[in-house]
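Encoded as structure tokens, the structure appears first; notes follow it.
Order of appearance sets the numbers: ligands from 1, and atoms from 1 within every ligand.
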Amino acid sequence: MHQLSSLKGRSLVEPEDFTLEEMELLFSLAEKIEKEENYLRDSCRGKLLAALFFEPSTRTRLSFEAAMLRLGGSCFGFAEPGSSSASKGESLADTIRMAASYADTIVMRNPKEGAALLATQYSTVPVINAGDGGHHHPTQTLTDLLTIKRLHGNIENITVGFCGDLKFGRTVHSLAKALARYNNIKMIFISPSELVLPEYIKNMFKKQNIEFTERENLEKSMPEIDVLYMTRVQRERFFNEDDYIRLKDTYVLNTEKMAAGKEKLIVLHPLPRVNEISIEIDADPRAAYFAQAKYGMYVRMALLASILGVLC
Ligand code: NCD
């Protein structure tokens, strides 16, 4: 029996749904897939993935579809709710019941916090949360952790700086909570006061004695940081456009700021980037966000093969 057979039939709503050991095994499998072109090719032949995207997406949807197609499976679904019966008022529960009767797994992105958890209650097949509002985005976290592991060697003894919209950024919430489970991780949360990390996460860290600080200045923090996680200000979650316009360009990572960074710094960004990393940084060897997007496809291949049970 394969070590990852424990994931067969399981849903993924937030990163804590998997043990650290299961995540490690997924990373090893993703690495094997990356290195051996034909490994697991066609292992999912005959399996169907329903991709239900109630919110825009480029990388997450395309990398899931590419992952499934590379495994020999097939995908169907919708890329925006306007083309589904959600626009006629159908409930999420009913949409999920239908999709579960057609597909072997459901990948869903939804603007409502808690939508993925709700979907698991109505689905007879595993549900993978591809982002639920400002809450969680566990497969981005698998992507981020795999990238850190591959580029840094391991996920411990590092200082991780999170910068930008820490209030609404679901990728930040999921990654910070996941990193808190590893050894000797220091976290620096850099944001304007209006966009600080939600209280519930900070309280959780305080209870667990996780080391973290909150700051407003990126430049001064640069020399301490090993992994810098830049994020976009989440326009779609603002109540007021004026606030968005005032805050959107608070941080722009440029050559001057990078000059203060460590030689082995790794710059990550879940993407899409708007203005928070100048394009001149793309050529800096420390910029890892495009490599990160590629690791996302390999880890999603590992995840799909595991939950669909084709490894056993
Ligand atoms: C992120 C998301 O959707 O939360 N994108 C992604 O999945 N890579 C980040 C963002 O939209 O800012």
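Counted by atom type alone, Ser174 and His136 present one or more donor-acceptor pairs between their side chains at under 3.5 Å.
In terms of modelled atom types and a separation under 3.5 Å, the side chain of His2 and the main chain of Leu4 share a donor-acceptor contact.
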Which donor-acceptor pairs under 3.5 Å do the side chains of residues 48-58 make with protein atoms, sequence neighbours left out?
from	atom 1	to	atom 2	distance (Å)
Glu55	OE1	Arg170	NH1	3.1
Glu55	OE1	Arg170	NH2	3.1
Glu55	OE1	Arg237	NH2	3.3
Glu55	OE2	Arg237	NH1	2.9
Glu55	OE2	Arg237	NH2	3.1
Ser57	OG	Arg61	N	3.0

Expected list for residues 195-203: side-chain donor-acceptor pairs under 3.5 angstrom, two or more places apart:
from	atom 1	to	atom 2	distance (Å)
Lys202	NZ	Glu214	OE1	3.3
Lys202	NZ	Glu214	OE2	3.0
Asn203	ND2	Glu199	O	3.4

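Residues Glu156 and Ile185 come closest through the heavy atom pair CA-CD1, 3.9 Å.
The stretch residues 141-179 participates, sequence neighbours left out, in these ring-ring contact (aromatic ring centres under 6.0 Å, His included) pairs: Phe162-Phe189, Phe162-Tyr229, Phe168-Phe238.
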Which N/O atoms of ligand 1 sit under 3.5 Å from a protein N/O, and at what distances?
from	atom 1	to	atom 2	distance (Å)
ligand 1	3 (O)	Arg109	NH1	3.3
ligand 1	3 (O)	Arg109	NH2	3.1
ligand 1	3 (O)	Arg170	NH2	2.9
ligand 1	4 (O)	Arg170	NE	2.8
ligand 1	5 (N)	Leu271	O	2.9
ligand 1	7 (O)	Thr60	OG1	2.8
ligand 1	7 (O)	Arg109	NH2	3.0
ligand 1	7 (O)	His137	NE2	2.7
ligand 1	8 (N)	Gln140	OE1	3.2
ligand 1	8 (N)	Pro270	O	2.9
ligand 1	8 (N)	Leu271	O	3.1
ligand 1	11 (O)	Arg232	NE	3.4
ligand 1	11 (O)	Arg232	NH2	2.8
ligand 1	12 (O)	Arg232	NE	2.8
ligand 1	12 (O)	Arg232	NH2	3.3
ligand 1	12 (O)	Gln234	NE2	2.8

